[in-house]
There are 2 protein chains.
Amino acid sequence: MQPVACQLLAAARARGHIGPVFGAGAPRDGVGLARQRHTVTISQVAEAAGVARSSVSRAFTRPHLLRPDTVERIKAAAARLGYVPNHSARALSTGLYGNLAMIVPDVANPFFPPMIRAAQDAADDLDFCVLLGNSNEDPANEDRLVGKFVAQTEGLILASSRLPRKRILDHAQRRPIVLINRDVEGIPRVLIDSASGVAQAVAHLAERGHRTIAYVSGPASSWSDKSRRAAAEKAAARLGVTLITLPARIPSFEAGRDVTDVLIGTEASAAIAFDDLTAHGIMEGMMAHDRAIPGDFAIVGCDDVLANLTRPPLTSISSRSQEAGQLAVSLLCELLRSRSVKDARIVLDTQLVVRQTS
Amino acid sequence: MQPVACQLLAAARARGHIGPVFGAGAPRDGVGLARQRHTVTISQVAEAAGVARSSVSRAFTRPHLLRPDTVERIKAAAARLGYVPNHSARALSTGLYGNLAMIVPDVANPFFPPMIRAAQDAADDLDFCVLLGNSNEDPANEDRLVGKFVAQTEGLILASSRLPRKRILDHAQRRPIVLINRDVEGIPRVLIDSASGVAQAVAHLAERGHRTIAYVSGPASSWSDKSRRAAAEKAAARLGVTLITLPARIPSFEAGRDVTDVLIGTEASAAIAFDDLTAHGIMEGMMAHDRAIPGDFAIVGCDDVLANLTRPPLTSISSRSQEAGQLAVSLLCELLRSRSVKDARIVLDTQLVVRQTS
DNA sequence: CTGTTAGCGCCTTCAC
DNA sequence: GTGAAGGCGCTAACAG
């Protein structure tokens with residue numbers, strides 16, 4: 001860390017400035033946050049334009065109710081003064097926020113950014129702002145974030161939620177919620193059905209002669225993980241190959257690398273990993289143990305976020321995270337408009353992309 | 001796209017539901033968005049607890065002003081009723097939003113997610129919510145986003161802003177702004193100084209015998225690009241090697257691959273790319289032209305987001321995007337507290353990470 | 001310690 | 001078509 005920042009931070013700490021500022025229960029003044037410098041309000045515009053405040057309001061929200069030249073005059077005055085409608089005041093009086101929230105387990109996991117981006121863009125088209133939350137794979141954290149966001153959003157999108165079913169239902173009662181990769185009846189959801197791709201992967205591996213296949217699992221509370229695991233087991237049973245399951249918990253390169261030690265002690269000659277990161281970790285782990293890929297050991301990832309970046313290029317299961325993000329926003333808007341789409345369930349299927357690790 | 005979604009979207013379109021809902025000038029009713037179902041307010045809690053509304057407020061914001069048992073009683077009543085403070089009302093009366101905004105050119109560019117995450121986490125610690133914006137590398141879009149966010153945030157962080165200097169100064173006059181990878185005097189900024197790493201890269205390549213080196217540039221309005229390019233030129237001049245510059249504009253795999261055709265027509269035997277994505281594209285392009293790497297052509301990336309994912313592993317220039325994100329939030333908070341840190345300039349230096357493409 | 005009284009800035013029903 | 005008045009839910013003085 002560079003000097004300037006150190007100084008700043010140290011100074012701030014010394015003054016007790018580092019720590020919560022807002023939030024339920026936290027005092028919002030007294031820590032030095034100055035109230036925003038008085039901005040220009042509707043009244044000032046009204047005066048400048050020589051009209052009533054209500055007319056200014058109308059000029060911005062329903063201009064067709066005013067004579068065109070009045071609208072013109074008001075807008076001119078507003079522009080001259082640099083008037084910007086106060087979001088909070090508007091929200092308070094209409095009960096509408098114009099915000100959506102999206103919570104993901106890990107912004108930096110390459111699976112999510114394309115999805116976030118797609119959701120972002122879709123929300124932007126509809127003129128919503130999006131509040132982003134990073135739960136850090138922690139249900140308690142996720143719960144806390146929902147609490148923070150719920151007070152200023154029309155609705156939320158929970159991607160790969162780690163929350164217990166019950167909590168989701170609770171929250172959904174307060175605010176419209178759309179789920180991605182989580183299947184809770186009664187809550188609209190977009191599911192990337194990796195099961196289809198996993199089944200293909202097992203068949204593919206069996207065909208290549210693998211008799212024992214390992215599934216390296218992901219987060220225990222992940223719907224995707226359950227679904228992939230179940231699909232793997234089912235396909236293995238059908239094809240008469242043995243499937244063993246090993247845990248990696250937090251999906252990451254490190255987790256994959258670490259699980260390798262266990263993996264080489266088993267009968268497995270191939271592995272399907274919960275995601276590409278884990279798969280990549282396993283690849284490195286295997287190589288460190290002098291196992292050739294795919295010669296000695298075959299590996300299949302999931303989500304296809306690494307494309308042909310790895311060495312050798314990783315066989316993976318396609319994902320459709322952009323579509324999922326975009327659809328989640330559409331669904332949420334639909335939900336906001338008519339509370340009737342209560343139980344939509346959109347399934348996006350996937351398929352195996354064979355490269356050179358299998 | 002799956003049937004359900006198609007139906008939903010088609011139906012929405014038919015009803016004229018797709019299109020802007022909010023925003024300056026857009027009517028917020030009439031498009032079917034129902035006002036939130038009446039939530040429980042401070043008054044109801046007050047009545048339930050048998051106290052005045054102000055006491056309820058105090059119980060949540062400055063409990064030390066109340067007798068512990070009163071606080072207890074109020075909180076109990078609030079919990080029983082499921083009371084959640086209304087963010088807008090609070091913001092309206094305090095002038096404080098508890099929100100920060102962060103705008104990046106491309107959420108899905110792997111350079112940004114770690115930075116976003118770090119900023120996110122830092123903001124979360126300080127109990128701020130963060131609004132995320134994706135400018136799509138478009139200044140007009142970025143400008144629009146700033147406008148949208150300014151009305152509901154204490155301050156903004158612009159990462160790799162593509163805005164003209166003048167606009168940044170304008171906006172900074174309305175709301176505190178912190179820049180990442182953009183150097184505007186008078187605006188607090190965090191700069192990842194890739195110049196140091198680029199100089200090392202040129203020296204490294206010269207040492208390996210390269211006499212003509214190409215710099216494949218990034219977005220024209222990018223400070224990082226200017227700075228990298230200048231550093232490359234300076235180092236080349238000092239070492240007596242020739243530097244040519246080729247444009248790739250939008251940093252991406254495709255841009256890198258496409259520039260290869262031009263690249264092979266030059267004298268250059270090595271290239272330094274604006275970022276890792278572009279570098280990776282060049283790698284693929286070279287390989288498609290049967291050029292061996294690093295035998296026939298050496299490549300150095302920038303930002304080090306691909307680590308040892310590529311084949312062969314890409315030599316790159318380290319980045320410090322997490323630190324940058326975290327520091328930007330700290331700086332912004334400092335700025336909010338005392339308008340005095342007006343001209344902080346934090347510089348994070350970088351270095352060359354030699355792998356196998358050079 | 002706690003209740004009372006004004007707004008914060010905007011939208012929206014009413015009159016005119 | 002436009003103005004006047006009330007209220008959205010909360011916080012912030014000011015009293016007591």
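So that the names make sense, note that chain A is the first sequence line, chain B the second, and so on, each numbered from 1. Hydrogens, waters and symmetry mates play no part in the numbers below; they use all other heavy atoms, side chains included.
The side chain of Asn86(A) lies closest to dC10(C) when the candidates are dC10(D), dG3(C), dC10(C). Considering only side-chain atoms of Leu92(B), the nucleotide from dC10(C), dC8(C), dA4(D) that sits closest is dC8(C). Nearest to the side chain of Arg58(A), among dG9(D), dT2(D), dG3(C), sits dT2(D).
Recorded end-axis angle for the helix from dC1(C)-dG16(D) to dC16(C)-dG1(D) stands at 30°, based on five pairs per end and rounded to 10 degrees.
Ile177(A) and Ala172(A) make their closest contact through CD1-N, 3.7 Å (heavy atoms, listed as atom of the first residue, atom of the second, distance).
At whole-Å resolution of the value, CG in Leu96(A) and P in dC8(D) are 16 Å apart. Whole-Å rounding puts the Ile42(B) CD1 to dG7(D) C1' distance at 16 Å. For the pair Arg62(B) CZ and dC10(D) C1', the computed distance is 13 Å after rounding to whole Å.
The phosphate of dT2(D) has OP1 or OP2 within less than 4.0 Å of a side-chain N or O from Arg67(A). For the OP1/OP2 pair of dT11(D) and a distance below 4.0 Å, the side-chain nitrogens and oxygens of Arg90(B) include at least one atom meeting the criterion. Put simply, Tyr97(B) has no side-chain N or O that comes within less than 4.0 Å of OP1 or OP2 on dG9(C). The side chain of Thr70(B) places an N or O atom within less than 4.0 Å of a non-bridging phosphate oxygen (OP1 or OP2) of dT2(C). Not one side-chain nitrogen or oxygen of Ser55(B) sits closer than 4.0 Å to the OP1 or OP2 atom of dC1(C). For dC10(D), neither phosphate oxygen OP1 nor OP2 lies less than 4.0 angstrom from any side-chain nitrogen or oxygen of Ser93(B). OP1 and OP2 of dC11(C) both lie 4.0 Å or more from every side-chain N or O belonging to Thr61(A).
Remark: Arg165(A) CZ is loosely packed, at most 12 non-hydrogen atoms of other residues, nucleotides or ligands lying under 6.0 Å away.
Between Arg73(B) and Arg53(B), the one whose closest nucleotide on DNA chain C sits nearer the 5' end is Arg73(B).
Relative to the ring axis of Tyr83(B), Lys75(B) does not place its NZ or CZ within 45° and under 6.0 Å from the centre.
Between Arg117(A) and Asp121(A), at least one side-chain nitrogen of the basic residue sits less than 4.0 Å from a carboxylate oxygen of the acidic one, meeting the salt-bridge criterion.
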